[in-house]
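Before any comments, here is the structure.
In the text below, chain A, chain B and the rest are named by the order of the sequence lines, each starting its count at 1.
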2 protein chains.
Amino acid sequence: MSGLTATPQPSAARGPRRPRRHDPGRRDRLIDAALTVIAERGAAATTHREIARVADVPLGSMTYHFASLEEVLIEAFTRHADSVARLFDERLSAPRDREAAVEAVIALVSDDLLGSQHDLVLAVELYVAAARNPALRAVVQAWMARSRQALERHFDATTARELDALIEGLVLHSALSTDPMTPEQIRHAIERYLR
Amino acid sequence: MSGLTATPQPSAARGPRRPRRHDPGRRDRLIDAALTVIAERGAAATTHREIARVADVPLGSMTYHFASLEEVLIEAFTRHADSVARLFDERLSAPRDREAAVEAVIALVSDDLLGSQHDLVLAVELYVAAARNPALRAVVQAWMARSRQALERHFDATTARELDALIEGLVLHSALSTDPMTPEQIRHAIERYLR
DNA sequence: ACAGCATGTGTACGTTGGTACACATGACTC
DNA sequence: GAGTCATGTGTACCAACGTACACATGCTGT
């Protein structure tokens with residue numbers, strides 16, 4: 001252990017020697033692993049080592065692919081925001097009239113947003129992280145703008161903004177409550193607002 | 001520095017020797033300092049040392065007054081939730097009719113909740129922390145229940161719950177937006193919902 | 001006045017984390 | 001088929017942290 005020449009153990013000391021090589025797309029997998037870790041432990045408790053463990057790559061791989069931990073977080077949250085925004089786009093591109101649009105919003109909240117504790121935690125994690133990181137604040141801005149834009153396919157700008165806020169509140173309260181709102185309650189709230 | 005007998009420097013080495021003594025209420029001050037640190041750096045980045053620095057007490061004082069860092073966080077968030085809940089109670093105890101109650105809600109959001117970036121960040125920090133800590137989840141539950149109860153002085157239970165969610169969404173979106181909602185916009189959203 | 005004990009203080013210890021970096025290797029080019 | 005270099009890997013270093021703990025001190029009741 002003199003620091004030089006390292007004696008890399010004769011292939012069967014600790015752990016089953018890692019023969020891994022040629023792993024294209026590893027960077028992508030690392031970003032996905034980062035999202036898993038963020039959802040499980042929180043963004044602030046997310047470490048190079050834990051991401052590497054989840055993705056089953058050596059620690060050194062993290063510093064090779066990312067200049068800093070912050071870069072990992074930004075890429076991960078950007079990917080997450082993109083995928084949720086895509087949900088909004090898809091749900092709201094189908095409806096042809098306002099009534100169908102209302103149903104689409106209800107389905108979006110009940111099925112997509114409330115369906116996944118994972119996504120929900122990621123959203124709140126992003127909000128907190130954004131409170132202190134301008135780059136992440138930009139990610140949140142872009143996400144919100146895209147959501148509103150999707151809603152504006154069917155509602156005027158003011159309604160879209162207010163509805164977006166209502167959705168946020170409903171989802172957040174349901175997520176944190178031991179007694180989350182049922183789909184019927186979600187429907188009631190949204191219909192009452194849009195009536 | 002042999003570990004024993006400590007040689008406490010002759011009163012003018014590093015820092016102006018600390019003659020402090022007899023500080024009743026220090027525990028309270030530490031909890032307030034903790035809230036300051038949480039708002040500034042985030043709950044996950046809150047450390048014994050930073051709280052002690054802010055409160056201007058030695059590190060050892062933290063471990064004397066609190067069994068663990070988690071205990072500090074729980075006490076701090078509990079205090080915060082209490083003080084916000086008190087705001088709800090006060091704002092909603094005055095109105096004598098529904099119209100006045102609507103005005104009270106608008107004032108509560110515009111003046112109290114949106115007025116302080118500090119409180120707002122604390123709320124989101126609490127939500128994230130609660131996602132992984134059952135004791136904090138209980139704090140959130142109690143807080144939400146109390147808010148709803150205050151609203152139920154003037155609105156039926158369903159309306160109270162939905163209104164509470166709407167308030168949450170409005171506040172959160174405003175907090176994170178580079179283009180926060182104006183008091184007029186807040187009024188519009190709440191009146192539209194309660195109309 | 002004095003003993004006892006709650007309160008206050010300084011420092012050490014073991015752990016974990018971000019990052020740096022020297023070295024290894026195999027895919028690709030020509 | 002050889003050489004180059006992007007990619008991959010192991011480990012070291014230093015800083016920061018939670019916590020433990022030995023020691024100091026003066027308020028308290030008697």
Review point. Atom CD1 of A:I51 to atom P of C:dG18: distance rounded to whole Å?
Key: 8 Å
Practice item. For C:dA6, take OP1 and OP2 only and decide whether either is under 4.0 Å from a side-chain N or O of B:R26. Key: no
**Study point:** Any donor-acceptor N or O pair under 3.5 Å, side chains A:Y127, A:E168
**Key:** yes
**Study point:** All salt bridge (Lys or Arg N to Asp or Glu O under 4.0 Å) counterparts of A:R153, not counting sequence neighbours
**Key:** none
Distances under 3.5 Å only, N/O to N/O: pair up the protein atoms with those of nucleotides 17-21 of chain D.
| from | atom 1 | to | atom 2 | distance (Å) |
| --- | --- | --- | --- | --- |
| D:dG18 | OP2 | B:H48 | N | 3.1 |
| D:dG18 | N7 | B:R49 | NH1 | 2.8 |
| D:dG18 | O6 | B:R49 | NH2 | 3.1 |
| D:dT19 | OP2 | B:L69 | N | 3.2 |

Review point. Within the structure, does a side-chain N or O atom of A:H22 lie under 4.0 Å from either OP1 or OP2 of D:dA6?
Key: no
Practice item. Could you tell me the separation between the CG atom of A:D23 and the P atom of C:dG26, rounded to a whole number of Å? Key: 14 Å
Review point. CE of A:M62 versus P of D:dG8: gap in Å, rounded?
Key: 13 Å
Show every donor-acceptor pair shorter than 3.5 Å between a side-chain atom in residues 35-43 of chain B and any protein atom, with sequence neighbours excluded, or say none if there are none.
| from | atom 1 | to | atom 2 | distance (Å) |
| --- | --- | --- | --- | --- |
| B:T36 | OG1 | B:D32 | O | 3.2 |
| B:R41 | NH2 | B:E50 | OE2 | 3.0 |

Practice item. Just jot down the salt bridge (Lys or Arg N to Asp or Glu O under 4.0 Å) partners of A:E71, sequence neighbours excluded, or say none. Key: A:R27
Revision key, fill the gap. Contacts of B:H188 meeting side-chain hydrogen bond (donor to acceptor under 3.5 Å, both in side chains) (sequence neighbours excluded), chain-then-number -> A:E162
Study note, to complete from the structure: For residues 96-107 of chain B, the side-chain hydrogen bond (donor to acceptor under 3.5 Å, both in side chains) pairs (sequence neighbours left out) are B:E103-B:R187
